[in-house]
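Take a look at the structure below.
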Amino acid sequence: MACGPSESKSDLGPSTTLCDLPGELLMEIIQRLDNPALVNLGLTCHHLHFLALNTFFSNNDIHDPKGGWLVAYKTPVETLPALRSALFVRRLDQLHFYFNPPVDRMIEETRDLVALISRMPTIGLVKLHFSTVDQHFNFGGGEPRVLDTVLWKEALQSLLELILEKGCHELYVQGGETLIGLYPKQGDDVESQDVDDVRVIPPDLDVSRRRQRKTLFGKLRLRPILGFVNRFFAPVQNVILRVETLSGDKVTHSATQPVRNLNPVKISIHSDMLLRNPFLEWTVAMLNSVASTLRTLSIKLSDLPHERRKDLLHNITLPQLSNFELTCDFMVPLHGVCFTDLHSFLSRHSSIEILYLYGLEVPKEVWPPPSLRIPILPRLKSIIAHPFYVVWVLNSLLSDKKASRNLTDIGITSEYYRNATRFDYSLFDRALEPIAAFPSAKIKLTLRFSSFGANDMNDWIEKHLDAAANNAPNSSIISRLKNVSTVVISSCWMRDYDRKTIEILPDWLGMFPNLTAIDFTDQAQENVQQLTGKEFLRKVARACPSVPFMEVQKRRIGLDR
C-alpha cells in the first residue's frame, strides 16, 4: 500500500535485512551461492561472516581450518582470500599448501600466504608443494612466457622468511623445477638481478582472480569493505637476511636485516629451484643462520650443475646437525654429488647420528674406498647408502678407537640409473664384509632393492643359496652375519616380485644365523598379497624358527602358529 501524504517511511516499521530471514531459509540461500559470492557475503556482517565462510570451506573440502590444520590441494582461487578474511582462523599449527598454475596465480597465492601468516601468532609445520605447477608446465599446460626472477624471488623469499620468523619448527619445500625453465636465459644459470631492475607489477595481476560471475551477491557494492580488509590484512614488509653472493672463490656481502626468532628443528629442501640462482645465496645464508637449532636437514638434488652442489655443501656448517639426508630422484642422474664434496661436508659435521645417501657419485675403478687419515662421524647410529659409502664409513669407524659403537642400523641400497648401466649386486657382498666384522651385538640390516634388472635380485640370492647347498661352512657372507638380528627388505613400490623371488626368499632368510625379526617395507601391493599368503608364511616359519613374527608394510603377522 502506498504511503499517504502525511506518512513518513519511518512509520512503516524497521527495515528488514538478510539476517532477519528464518535460519532455514537463509541457509538455503547461502547453499546456492558460488565461491565468489560466499567470500563477498562473508565480508558483510559478523553473523553472515561465519555462515558464508564455513559453507565455503565445507563446499571445497577444506576441513576445519579453525582447528589450526590447513591442507589446500587444488583448491579454488578464492581459498586464500577466504582464509585471510576468516576471523575465526586464529592459529596455524600445520600448513600443507599446493601452489596452483598459472604463474600469475602462483605469485598471488604467495602474497596471500604472507598476508595470512602475518596475522598468526606462531606457525608450527609448513609444507609448500609446487608439484601441481610442475605438472601443469611439464604437460604443456603453460603459456610460453618469462618469469620475472626479481618479482618471484621477492615474493617467495618474503614468504619463507616470514614462516621462519613465526617460529616454524619444520619447513618442507618440494618441486618448482619447471619454473627454472621460465627464467630469462642468461647462460647456464640465472643470476640475481639488481634491485633497480625491478619491473612494475602489471595492474591486472591482482585483478584476474577477482573476476566474479553475476550472482545474487555479485553486484553488491562491497568495494569499501574489501578495501578495508585488504588494508587490514596487508602483507608485512619484507624481512631480508644478510646474504653472501657466491661467485667462484669470491664472496661479496650485501647489507641486510636479519630475520628474528629462528628456531627450526627440521628443514627439507626438495627443490632445485631453491638451490639455483636467484635463491641459492639466500638458501645458504638461511641454513647458516639457523645452525644453532637445526637438527635435521634433508636435501634432494636432481640436475644441479656441479658448481651449485659444491657451493651448497662447502658453504654451510651446522654444528647441531644430527640427521642428514642427501638424495635425488629415484632415477639417479648421470652426475651426482662428488665424493670430495661429500667428504668435505661430513668431515665438518661430526655431530651426525643418522645418515641417508642416495644417488651420489661413485668414483670409477676405486676399490676399496680410500682410507681416511682423520676418521669421520664418530657418533653415527644409522646409515643407509650405496655399498661404496657404507664400506667407506664403516672402515673409518673401525679404524677410530674413540668412535662410538652405537651404530646398530645399517642399510645397503642399490640404485636405478637413467642410462643403461645395471647395478652390480656383488657390491652388496663387499659391504656385508665390514658389517660382519663390526662390533655391535644386534644390528638391524636393511637391504634396499631399487634396480630393475630382470633377475638381478634373484641371481644374487640364488648365488648365496648355491654356496650354502655345497655344504661349505661360511662360504656365504650371509651365514657369517652373526651380529644381525633384524633384516629389513625394502623394494621400490613399482617392482613386483615374480614367482621365483617368492620361492627362494624363505630359505635365504633362513641363512642368517641369529635372526629374530623380519620386516618387508616399501612393497608394491602385489608383493604384499604374496608375502602375506599362507604358503609363504609357512615356509618362513619353517626356515626361521627363532623369528616369532614378521612385518609386512607395518602389519605384524605371528609365525608361531
Side-chain angles (χ1 to χ4, degrees), residues 324 339 342-343 346-347 350 352-358 360 362-363 365-415 423-449 457 460-461 463-468 470-490 508-519 544 546-547:
F324 180 59
F339 171 75
L342 177 69
H343 179 213
L346 295 181
S347 63
S350 59
I352 292 177
E353 297 178 354
I354 301 174
L355 180 64
Y356 178 88
L357 305 173
Y358 182 81
L360 280 64
V362 177
E365 300 179 0
V366 177
W367 197 276
S371 302
L372 297 175
R373 291 188 299 107
I374 302 177
I376 60 173
L377 306 178
R379 303 179 185 177
L380 194 66
K381 297 179 180 179
S382 173
I383 180 175
I384 297 180
H386 184 282
F388 178 90
Y389 287 98
V390 171
V391 173
W392 179 57
V393 171
L394 290 183
N395 285 344
S396 172
L397 293 174
L398 288 170
S399 66
D400 185 7
K401 296 180 180 179
K402 297 181 180 180
S404 169
R405 293 297 185 254
N406 292 328
L407 179 60
T408 57
D409 191 346
I410 304 175
I412 309 171
T413 178
S414 61
E415 295 180 346
F423 182 83
D424 181 7
Y425 274 94
S426 67
L427 296 177
F428 270 32
D429 297 333
R430 296 187 179 188
L432 291 173
E433 292 286 349
I435 293 176
F438 203 77
S440 291
K442 295 183 178 181
I443 290 178
K444 177 183 177 181
L445 174 64
T446 299
L447 299 175
R448 188 168 184 257
F449 298 93
M457 178 180 175
W460 181 72
I461 293 176
K463 183 189 72 172
H464 289 281
L465 290 173
D466 291 342
N470 293 329
N471 296 321
N474 297 328
S475 58
S476 169
I477 182 60
I478 302 297
S479 59
R480 286 183 272 132
L481 293 171
K482 298 180 180 180
N483 52 356
V484 172
S485 60
T486 302
V487 170
V488 179
I489 307 298
S490 172
W508 174 77
L509 290 170
M511 293 180 62
F512 288 87
N514 295 317
L515 198 60
T516 58
I518 301 171
D519 185 3
C544 308
S546 299
V547 179

* To do: May I ask you to decide whether Lys444 forms a salt bridge with Asp519, counting only side-chain N to carboxylate O separations under 4.0 Å?
  => no
* Asked: Sub-3.5 Å donor-acceptor pair from the side chain of Ser440 to the main-chain atoms of Thr408, do we have one?
  -> no
* Separation between OG of Ser399 and CG of Leu372, rounded to the nearest 0.5 Å -> 7.0 Å
* Structure fact -> Between the CG atom in Leu398 and the OG atom in Ser396, the distance rounded to the nearest 0.5 Å is 9.0 Å
* **Test: Arg448 cationic atom under 6.0 Å from Tyr358 six-membered ring centre, within 45° of axis** => yes
* Asked: Given the rule in the side chain to side chain contact (heavy atoms under 4.5 Å, CB included) test, do Leu427 and His386 qualify, once you have shown the distances and angles that lead to the verdict?
  -> CA-CA 9 Å; Leu427 296 177; His386 184 282; 3.8 Å; yes
* Quick check: does any side chain N or O of Asn514 sit under 3.5 Å from a backbone N or O of Lys482, one acting as donor and the other as acceptor? -> yes
* To do: Look only at the side chain of Asn483 and the backbone of Ile435, and say whether a donor-acceptor pair between them is shorter than 3.5 Å.
  => yes
* Structure fact -> For Pro513 and Ser479 the tightest heavy-atom approach is CG-O, 3.6 Å
* For the residue pair Trp460 and Phe428, categorise the inter-ring angle as parallel (less than 30°), tilted (30 to 60°) or perpendicular (more than 60°). => perpendicular
* Asked: More than 12 non-hydrogen atoms from neighbouring residues, nucleotides or ligands closer than 6.0 Å to NZ on Lys442, yes or no?
  -> no
* Using a 4.5 Å cut-off on heavy atoms from C-beta on, say whether the side chain of Leu445 contacts that of Val488. => no
* To do: Enter the distance from Leu515:CG to Ile478:CD1 here, rounded to the nearest 0.5 Å.
  => 10.5 Å
* Structure fact -> Output for pair (Met511 CE, Leu481 CG), nearest 0.5 Å, gives 9.5 Å
* Asked: Any donor-acceptor pair under 3.5 Å linking the side chain of Ser350 with the backbone of Leu377?
  -> no
* Sorted by first residue and then second, give each salt bridge (Lys or Arg N to Asp or Glu O under 4.0 Å) pair with at least one member in residues 367-376; sequence neighbours left out. => none
* To do: Identify the heavy atoms of Pro387 and Ile412 that sit nearest to each other, and give their distance.
  => CG-CG2, 3.5 Å
* Just how far is it from atom CD1 of Ile443 to atom CG of Leu407, taken to the nearest 0.5 Å? -> 7.0 Å
* Asked: Hey, does Val362 have a side-chain heavy atom less than 4.5 Å from the side chain of Trp367?
  -> no
* **Considering all heavy atoms, the nearest Val391-Arg430 contact** => CG2-O, 3.7 Å
* Does Ile383 reach the side chain of Tyr356, with side-chain heavy atoms less than 4.5 Å apart? -> no
* Trp392 versus Leu346: any side-chain heavy-atom pair under 4.5 Å? -> yes
* Test side chain to side chain contact (heavy atoms under 4.5 Å, CB included) on Tyr425 and Ser414 and set out the steps. => CA-CA 7 Å; Tyr425 274 94; Ser414 61; 3.1 Å; yes
* Looking at Arg480 and Ala436, what are the two nearest heavy atoms and their distance? -> O-CB, 3.8 Å
* Any side-chain heavy atom of Val390 within less than 4.5 Å of one from Thr413? -> no
* Structure fact -> In short, Asn395 meets Pro434 closest at the heavy-atom pair OD1-CB, 4.2 Å
* To do: Inspect the contact between Glu353 and Arg379 and indicate whether a charged nitrogen and a carboxylate oxygen are less than 4.0 angstrom apart.
  => no
* Decide yes or no on side chain to side chain contact (heavy atoms under 4.5 Å, CB included) for Val487 and Phe512, but give the supporting numbers first. => CA-CA 9 Å; Val487 170; Phe512 288 87; 3.7 Å; yes
* May I ask you to decide if the ring planes of Tyr389 and Phe339 are parallel, tilted or perpendicular, using 30° and 60° as cut-offs? => tilted
* Output the distance between atom CD1 (Ile410) and atom OG1 (Thr446), rounded to the nearest 0.5 Å. => 9.5 Å
* To do: Dump the intermediate steps for side chain to side chain contact (heavy atoms under 4.5 Å, CB included) on Thr516 and Val547, then the final yes or no.
  => CA-CA 4 Å; Thr516 58; Val547 179; 5.5 Å; no
